[in-house]
Amino acid sequence: MTLDLVYFAWVRERIGAAGERVETQAPTVAALVEELRAREERYAAAFADLSALRCAVDQELADFDAPLDGAREVAFFPPMTGG
Amino acid sequence: MTLDLVYFAWVRERIGAAGERVETQAPTVAALVEELRAREERYAAAFADLSALRCAVDQELADFDAPLDGAREVAFFPPMTGG
Amino acid sequence: MDVRVQAAPFDFGAEAAAFAAGRADVGAVVTFTGIVRDDSGDLRAMHIEHYPGMTERAITAIAEEAAGRWALGDVLVIHRFGAMAPGEMIMMVATAAPHRADAFAAAEFLMDYLKSRAPFWKKEVTSRGAAWVAATEADEAALGRW
Amino acid sequence: MDVRVQAAPFDFGAEAAAFAAGRADVGAVVTFTGIVRDDSGDLRAMHIEHYPGMTERAITAIAEEAAGRWALGDVLVIHRFGAMAPGEMIMMVATAAPHRADAFAAAEFLMDYLKSRAPFWKKEVTSRGAAWVAATEADEAALGRW
């Protein structure tokens with residue numbers, strides 16, 4: 001499937017891109033993270049510690065074990081600091 | 001001693017005066033209330049139920065057993081409804 | 001700290017803006033505004049009586065208590081007396097603090113104490129006549145949490 | 001319910017006044033304003049990044065949750081993104097309710113959720129460079145009370 005990936009804050013800075021389009025068969029967000037980590041060192045650095053990361057699937061906050069079936073956009077970012 | 005008495009809200013309305021000056025030897029607010037109750041029916045009506053009343057001595061909230069020694073002004077009123 | 005007791009209306013927007021303006025020392029400003037509420041649709045006016053000699057002093061004591069309990073940058077209390085129409089503003093408090101929890105707690109503390117410990121009495125005028133607003137057990141009970 | 005996500009500054013006084021004006025149906029209005037705080041005296045700017053597609057939707061969901069939990073007359077949330085100077089206002093919430101306890105609780109709930117569940121990220125620029133603001137355990141723990 002084709003997924004739009006988007007990155008925010010220091011995830012964006014470590015990867016060096018605000019987003020990209022990928023082809024993947026990963027069944028879950030966690031499986032997608034494994035694929036990304038294996039690509040290049042900058043991805044391994046950005047995704048080194050999942051407990052420091054949050055994700056959203058199609059613009060809704062999600063857990064890393066969320067299924068990607070039917071998803072179009074996955075976002076990765078640090079814990080939010082609004083308000 | 002000479003005391004200025006001031007009344008607010010329905011205490012003022014029942015007594016029919018915003019205040020008055022009295023001569024008394026009452027040692028406490030409660031004793032002063034007993035004296036007032038004995039004066040006229042409108043005082044007896046205003047002071048019928050002490051649990052529905054609050055008082056202040058020299059513009060500080062006080063209990064009914066507060067001493068009047070040295071006091072100059074005593075106020076009687078219902079529970080407050082500010083805010 | 002600024003405490004005002006007055007008959008005249010106040011400009012809530014201007015007061016809130018002036019209170020919050022130019023404060024790089026605090027991160028959080030909370031305001032509370034009390035408005036004459038017409039539940040029945042039959043309220044013609046609210047009259048607020050107060051104890052002129054005592055009111056400002058009592059409010060200042062409450063505000064000083066709040067300033068002692070929480071780390072506050074500033075406190076403002078404005079409370080009106082006299083006659084007001086439905087929808088008019090009765091009073092406001094504002095608190096400024098480095099952290100939001102302190103600003104919220106201080107504002108709620110101020111409101112709980114102003115309700116039951118500042119010498120104001122409300123009277124409502126409807127088509128059926130005038131009646132003093134009774135203090136509620138909930139308002140008295142609210143003091144127990146501080 | 002009014003939710004706005006914008007780069008431009010907002011006029012806190014005018015927004016607060018308009019929100020509170022002419023409401024005889026509610027007795028209580030609470031506002032919270034978040035200000036860029038400079039603890040060190042060395043803050044040059046704060047940059048706030050957000051997730052454009054998701055932000056407004058996430059805030060609206062939080063506001064709807066508040067409206068479902070408390071008896072509210074209205075809710076307003078304004079949150080900025082982009083660059084801000086110390087002392088500038090980052091965001092505001094306002095809640096209107098018949099009773100003050102509901103207005104306060106809803107405003108605190110909104111703030112706790114906006115802090116940790118709306119997609120904003122703060123970066124501080126000082127003389128030593130730029131650094132992302134870390135989320136605190138206290139902010140995450142604050143969600144536990146709702």
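Lettering of chains follows the sequences in order, A, B, ..., and the numbering in each one begins at 1.
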Self-check item: chain C contact via D:V30 - side chain, backbone, both or neither, heavy atoms under 4.5 Å
Solution: both
I'd like a table of the N/O donor-acceptor pairs between chain D and chain C - cut-off under 3.5 Å, distance only.
| unit_1 | atom_1 | unit_2 | atom_2 | d |
| --- | --- | --- | --- | --- |
| D:A24 | O | C:D38 | N | 2.8 |
| D:G27 | O | C:I35 | N | 2.9 |
| D:V29 | N | C:T33 | O | 3.0 |
| D:V29 | O | C:T33 | N | 2.8 |
| D:T31 | N | C:T31 | O | 2.9 |
| D:T31 | O | C:T31 | N | 2.9 |
| D:T31 | OG1 | C:T31 | OG1 | 2.4 |
| D:T33 | N | C:V29 | O | 2.8 |
| D:T33 | O | C:V29 | N | 3.0 |
| D:I35 | N | C:G27 | O | 2.9 |
| D:R37 | NH1 | C:P98 | O | 2.9 |
| D:D38 | N | C:A24 | O | 2.8 |
| D:P98 | O | C:R37 | NH1 | 2.9 |
| D:R100 | NE | C:D112 | OD1 | 3.4 |
| D:R100 | NH1 | C:D139 | OD1 | 3.0 |
| D:R100 | NH2 | C:D112 | OD1 | 2.7 |
| D:D112 | OD1 | C:R100 | NE | 3.4 |
| D:D112 | OD1 | C:R100 | NH2 | 2.6 |
| D:D139 | OD1 | C:R100 | NH1 | 3.0 |

Quiz item: Does the side chain of D:V125 reach to within under 4.5 Å of the side chain of D:L43, using non-hydrogen atoms?
Solution: no
Self-check item: Residue pair C:F19 / C:V29: nearest heavy atoms and the distance that separates them
Solution: CD2-CG1, 3.8 Å
Exercise. Go through the structure and list residues passing ring pair (Phe, Tyr, Trp, His ring centres under 6.0 Å) with C:F12, not counting sequence neighbours.
Key: none
Exercise. Can you measure from CD1 (C:I62) to CG (C:L110) and round to the nearest 0.5 angstrom?
Key: 7.5 Å
Practice problem: Drop me the distance from D:F81's CZ to D:I48's CD1, to the nearest 0.5 angstrom. | Solution: 10.5 Å
Exercise. Answer with yes or no after comparing the ring centroid distance for C:F104 and D:F32 against a 6.0 Å cut-off, counting only values under it.
Key: yes
Quiz item: In terms of heavy-atom proximity below 4.5 Å to chain C, should D:M89 be classed as side chain, backbone, both, or neither?
Solution: side chain
Practice problem: With rounding to the nearest 0.5 Å, note down the distance linking CZ in D:F120 to CG in D:L114. | Solution: 7.5 Å
Quiz item: Where is the tightest heavy-atom contact between C:A71 and C:A97, given as atom of each residue plus distance?
Solution: O-CB, 3.3 Å
Exercise. Name all residues meeting the side-chain contact (heavy atoms from CB on, under 4.5 Å) criterion together with C:A17; count only those two or more places apart in sequence or in a different chain, and write none if there are none.
Key: none
Quiz item: Of all of C:A14, C:A20, C:P86, which one pairs up most often with chain D through heavy atoms under 4.5 Å apart?
Solution: C:A20
Quiz prompt | For chain C, the option from D:V36, D:V26, D:V93 that forms the most heavy-atom pairs under 4.5 Å | solution = D:V26
Quiz item: What residue in C:A94, C:A18, C:A103, C:A28 has the most heavy-atom pairs under 4.5 Å with chain D?
Solution: C:A28
Practice problem: Let me know if C:A142 has heavy atoms under 4.5 Å from chain D in its side chain, its backbone, both or neither. | Solution: side chain
